[in-house]
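Working notes, structure below.
Hydrogens, waters and symmetry mates play no part in the numbers below; they use all other heavy atoms, side chains included. Predicted model, so just to flag it, every value in this text is computed and none were measured.
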Amino acid sequence: VQLQASGGGLVQAGDSLRLSCAASGRTFSSYAMGWFRQAPGKEREFVAAISWDGSALTYADSVMGRFTISRDNAKNTVYLRMNSLKPEDTAVYSCAASRLPILTRTLYDYWGQGTQVTVSS
């Protein structure tokens with residue numbers, strides 16, 4: 001499966017953005033999907049994940065209550081709604097797909113190119 005993230009940009013603190021991750025292939029609905037981010041000089045970190053059917057979600061503590069992950073299997077797309085953005089949310093955001101039947105924060109098989117999110121103070 002091929003993944004392509006989009007929707008990033010330059011925003012001010014407190015603003016919102018919605019990222020999209022479009023997937024190719026007819027098996028998208030069988031994958032758990034995750035969002036990750038990597039800030040300059042830092043390791044990639046988990047942001048959020050959603051099960052194949054959207055029934056299970058998990059978030060990093062740093063984004064809980066501000067970010068919402070969702071998916072539309074008919075459109076082969078997963079979203080990340082980001083509200084109340086902070087300067088520390090600045091990073092390249094990437095999406096990933098996991099073949100595991102369980103929700104995971106770490107075990108992903110396919111990765112897409114990221115989209116830059118920059119939050120100014």
Side-chain angles (χ1 to χ4, degrees):
V1 61
Q2 293 184 326
L3 306 171
Q4 181 63 56
S6 62
L10 172 62
V11 297
Q12 293 185 332
D15 284 351
S16 298
L17 274 177
R18 189 181 77 161
L19 305 183
S20 298
C21 173
S24 64
R26 290 176 286 181
T27 57
F28 171 79
S29 61
S30 67
Y31 295 121
M33 298 295 297
W35 284 98
F36 295 77
R37 66 186 182 186
Q38 187 167 19
K42 295 186 177 182
E43 293 187 354
R44 183 172 60 199
E45 65 172 345
F46 168 80
V47 175
I50 186 168
S51 60
W52 66 275
D53 62 352
S55 64
L57 311 172
T58 185
Y59 296 93
D61 289 346
S62 58
V63 306
M64 180 78 72
R66 298 188 299 122
F67 290 11
T68 303
I69 188 171
S70 61
R71 67 189 297 160
D72 185 339
N73 286 343
K75 295 182 178 179
N76 279 15
T77 302
V78 62
Y79 305 98
L80 185 67
R81 176 70 178 180
M82 305 185 295
N83 295 329
S84 303
L85 282 162
K86 304 175 181 180
E88 51 263 45
D89 294 319
T90 294
V92 175
Y93 285 71
S94 301
C95 55
S98 172
R99 293 176 294 178
L100 289 178
I102 58 173
L103 204 59
T104 176
R105 293 189 174 203
T106 58
L107 301 176
Y108 286 81
D109 304 287
Y110 307 101
W111 294 84
Q113 291 188 335
T115 184
Q116 176 71 46
V117 173
T118 303
V119 184
S120 63
S121 57

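Among all heavy-atom pairs drawn from Asn76 and Ser24, the shortest one is ND2-C, 4.3 Å. Considering every non-hydrogen atom in both Ala23 and Leu3, the closest pair reads CB-CD2, 3.5 Å. Between Lys42 and Gln38, the closest heavy-atom pair is O-NE2, 3.0 Å. The shortest non-hydrogen separation linking Ser84 to Ser16 is N-OG, 4.2 Å. Between Tyr59 and Ala48 the shortest heavy-atom distance is CD2-CB, 3.6 Å. Heavy-atom minimum distance, Val63 versus Val47: CG2-O, 3.5 Å.
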Q: For the pair Thr27 and Arg99, evaluate side chain to side chain contact (heavy atoms under 4.5 Å, CB included) and give the outcome as yes or no after the intermediate values.
A: CA-CA 10 Å; Thr27 57; Arg99 293 176 294 178; over 6 Å; no

Q) Hey, mind stepping through Ser62 and Arg37 against side chain to side chain contact (heavy atoms under 4.5 Å, CB included) and telling me if it holds? A) CA-CA 12 Å; Ser62 58; Arg37 66 186 182 186; 3.4 Å; yes

(Q) Pair Leu85, Phe67 - check side chain to side chain contact (heavy atoms under 4.5 Å, CB included), show working. (A) CA-CA 9 Å; Leu85 282 162; Phe67 290 11; 3.9 Å; yes

Q | Stepwise side chain to side chain contact (heavy atoms under 4.5 Å, CB included) check, Val117 with Met82 | A | CA-CA 10 Å; Val117 173; Met82 305 185 295; 3.9 Å; yes

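In the model, Ser6 has no side-chain atom that pairs as donor or acceptor with a side-chain atom of Gln4 under 3.5 Å.
We find the OG-CD distance between Ser121 and Gln12 to be 9.5 Å, quoted to the nearest 0.5 Å. For the atom pair CG (Asn83) and CG (Asp15), the distance works out to 10.0 Å, reported to the nearest 0.5 Å. Separating the CZ atom in Arg105 from the CG atom in Leu107 is a distance of 13.0 Å, to the nearest 0.5 Å. Expressed to the nearest 0.5 Å, how far CG of Asn73 lies from CG of Asp53 amounts to 8.0 Å.
Criterion: ILVMFWY side-chain heavy atoms under 4.5 Å apart, direct or through other members. Under it, Tyr93 and Leu10 are not part of a common hydrophobic cluster. Cluster membership check: Leu17 shares its hydrophobic cluster with Val119, using side-chain heavy-atom separations under 4.5 Å among Ile, Leu, Val, Met, Phe, Trp and Tyr. Linking Ile, Leu, Val, Met, Phe, Trp and Tyr whenever their side-chain heavy atoms come within less than 4.5 Å puts Met64 and Met33 in one cluster. Cluster membership check: Val1 shares its hydrophobic cluster with Leu80, using side-chain heavy-atom separations under 4.5 Å among Ile, Leu, Val, Met, Phe, Trp and Tyr.
Residue-environment remark: CD (Gln116) exceeds the threshold of 12 foreign heavy atoms within 6.0 Å.
Among Tyr31, Phe36, Phe46, the one residue that satisfies the ring pair (Phe, Tyr, Trp, His ring centres under 6.0 Å) test with Tyr108 is Phe36.
Side chains of Val78 and Trp35 form a contact here, defined as non-hydrogen atoms less than 4.5 Å apart.
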